[in-house]
Structures are given as structure tokens and as C-alpha cells.
Protein chains: 2
Amino acid sequence: MMTKPLVNSLPDCPVETTVLLLGSKWNILILRDLLQGPLRFTELQRSIGSISQKVLTSKLREMEERGIIHRQIFPEVPPRVEYSLTELGLTLKPIIDSMYQWGEWYKNQISYSTDPSFPR
Amino acid sequence: MMTKPLVNSLPDCPVETTVLLLGSKWNILILRDLLQGPLRFTELQRSIGSISQKVLTSKLREMEERGIIHRQIFPEVPPRVEYSLTELGLTLKPIIDSMYQWGEWYKNQISYSTDPSFPR
DNA sequence: CAGCATCCAGTCGGATACTG
DNA sequence: CAGTATCCGACTGGATGCTG
């Protein structure tokens, strides 16, 4: 299951390690979408919403190298490629979940506090 | 407690909202360190380890604007400034915790799998 | 469809010098 | 100590055109 590590020597701090492996905001959004199940390239691009083809490709390659996602090629015409999470990728679910929960809570706070009928 | 929102309209997706508010890797490391208690500017810079003064300043201002951290100035000579988490900042703890746990687990996996005596 | 190659603007972030 | 100001190189990421 485990492929090559991110760098030769990981940071001492576990949080820093995680941040390093997660990478950018794009990687997190890809992760979020693939947690719902496998997706094709174009589907992923659409579900993320605003990512360019070039960036999506490079982030997918990066995550594949790190053993987070799996790339399945179906030799058809037209070509079909499906991306899915590896076992390792799935282990990141709790992090995405905690982000989801916080984001939901935060958005509620915001909408309450900007609601004119918000109690004082 | 709640200050001005990050943007006028937050993304629909809670995960994306969280990612946006967290910002960069630097913000996360600042958060990690301030979860241990208030720190002065130089202490923070040292505990993060490799951040330049310019970046640290800008990230602190950004997080202050978003209501995540509090900046306390003590009118002394030499000047003293302490940074701490706000109530809102503290609510992010579960996210950092989940990152910590995952990172720790991951580092263990790596070290086992590269250990020559790793059982087959 | 799922890319790769190229160009190019904008941002990030380090280094350095200076200040209340 | 805790910054601000400036310069500048490196990286990020969008747009466009082409391909198996």
C-alpha cells in the first residue's frame, strides 16, 4: 500500500507532515470529491468548479505519486480514465470530515450574525 | 466574537469554506503553535522554524482580520506583543488535532515500512 | 476524452535595510 | 523587540493550441 514517501525526511511535527502531504487547496478539494466515489477527469474538473486542466492534471499526478489516489485507464475509444482514492487516501477522510463540520458551523455562525433578526 | 467574514459570499461547500479561511500552510502552523498558548512575535517565528519575518507578519495580520487570533500590545520598552487565539480560533482545534493524529500515524507507517526488520 | 506543451501574468516569499 | 519598506527571484496557475 505505502508508496514512496513525500520527502526523504519528514518534518518532526505530525501537523507539518500532514500539511506537506496534503499540499495545496486543490488537493484537498480533489480529495473531498473523490471521497464520494471514483470520478473521470472531466467530472472532477466540473465538480471542483474552477480548476484549469493543467493544474488538475499536475495535482492528480502529484497525489498519485504520493499514493493517495489511483489512476485507472480503460482502453476504450474515446479514452476513459477514472480516479479513485487508495487505501492511504481513504485514511485522510477524518481530516476532510473535520473541515466539513467546521465549515458548516462557521457558515451558520456567519449567517446568524448577519441576520437582522439576530438576537442581542 | 465574530468579525468580518472572509469574503462577501462564502463557497457553498463547507470544506472549501474551511480551506479558504485556513489559508496557507503558514496559517496552519501558526495555529498549531498558538494552540499551546500565547506567544510573542519572535517566539512564534522560532517555533515555526523557517518563516521569514515578512511572511509571518502578513499571515498574522490576515488571521487577525479573520478573527482567528488576537494581538495584544504591551506598552513597554522594549515593546512586547503577544499573539493568542480568539474563541473562533480555538474552534479550529479539532481540525489541527485530526491533522496531528493522521501525521503521527503516517510517520509510523513510513518508518515501519522502511525498517529492514519490517515483518513480511 | 484526457491529456501535453508553451507562454505569460500574478502572487508568494526570502533577503536586506531601516525605525519607533 | 516588533515591526515597515523595497527589491527581486521562484513558483502558481490561467489561457491557448495541439494530439492519440
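Each chain gets a letter, A, B and so on, in the order its sequence line appears, and its residues count up from 1. The shown structure was predicted, so the numbers you read here are calculated from the model rather than taken from an experiment.
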## Note on the structure
Here DNA chain D, pairs taken as Watson-Crick or G-U under 3.5 Å and shown with ( ), [ ] when crossing and | when to another strand, reads ||||||||||||||||||||

### Task
Only pairs at least two apart or in different chains count here, so list each salt bridge (Lys or Arg N to Asp or Glu O under 4.0 Å) that has a residue in residues 99-108 of chain B.
none

### Query
Going by the angle between their ring planes, with limits at 30° and 60°, are B:Trp102 and B:Tyr106 parallel, tilted or perpendicular?
parallel

### Task
Drop me the distance from A:Leu85's CG to A:Leu92's CG, to the nearest 0.5 angstrom.
8.0 Å

### Task
At the 4.0 Å heavy-atom cut-off to chain B, mark where contacts on DNA chain D begin and end, going 5' to 3'.
D:dC1 to D:dC7

#### Entry: Residues within residues 31-44 of chain A bordering DNA chain D, heavy-atom distance below 4.0 Å
none

### Query
Taking 5' to 3' order, which nucleotide of DNA chain C is first and which is last to have an atom within less than 4.0 Å of a heavy atom in chain A?
C:dC1 to C:dC7

#### Entry: Gap separating the CG atom of B:Leu10 from the OG1 atom of B:Thr17, nearest 0.5 angstrom
4.0 Å

### Message
Nearest 0.5 angstrom please: B:Thr91 OG1 to B:Lys93 NZ, how far?
### Response
12.0 Å

For residues 35-42 of chain A, dump all side-chain donor-acceptor pairs below 3.5 Å to protein atoms at least two apart in sequence or in another chain.
none

#### Entry: With sequence neighbours excluded, residues passing side chain to side chain contact (heavy atoms under 4.5 Å, CB included) with A:Ser24
A:Trp26, A:Asn27, A:Lys59

### Query
Taking 4.0 angstrom as the limit, do B:Glu16 and A:Lys25 come out as a salt bridge?
no

## Note on the structure
Here the gap from B:Met99 atom CE to B:Ile96 atom CD1, rounded to the nearest 0.5 Å, amounts to 5.5 Å

Side-chain donor/acceptor pairs under 3.5 Å, residues 68-82 of chain B, sequence neighbours excluded:
{"from": "B:Arg71", "atom 1": "NE", "to": "B:Tyr83", "atom 2": "OH", "distance (Å)": "3.2"}
{"from": "B:Glu76", "atom 1": "OE1", "to": "B:Arg80", "atom 2": "NE", "distance (Å)": "3.4"}
{"from": "B:Arg80", "atom 1": "NH1", "to": "B:Glu82", "atom 2": "OE2", "distance (Å)": "3.3"}

### Message
If I compare all heavy atoms of A:Leu20 with all of A:Pro11, which pair ends up nearest, and what's the gap?
### Response
CD1-CG, 3.6 Å

### Query
How long is the gap from CD1 on B:Ile51 to CG on B:Leu56, to the nearest 0.5 Å?
4.5 Å

### side-chain hydrogen bond (donor to acceptor under 3.5 Å, both in side chains) contacts touching residues 43-56 of chain A (sequence neighbours left out)
A:Asp33-A:Ser47, A:Gln53-A:Thr57

#### Entry: Those residues that, when tested against B:Thr86, pass side-chain hydrogen bond (donor to acceptor under 3.5 Å, both in side chains) (two or more places apart)
none

### Summary
Contact check, residues 70-78 of chain B vs DNA chain C, heavy-atom distance under 4.0 Å, returns none

### Task
Would you jot down, in residue-number order, the residues of residues 49-60 of chain A having a non-hydrogen atom under 4.0 Å from DNA chain C?
A:Gln53, A:Lys54, A:Thr57

### Query
When B:Val15 is tested against each of A:Ile95, A:Leu31, A:Ile28, A:Asp97 for side chain to side chain contact (heavy atoms under 4.5 Å, CB included), which residue passes?
A:Ile28

### Message
Check A:Arg66 with A:Glu62, please: is the shortest side-chain N to carboxylate O separation under 4.0 Å?
### Response
yes

### Task
Mind checking the OH-OG1 spacing from A:Tyr100 to B:Thr18? Nearest 0.5 Å is all I need.
10.5 Å

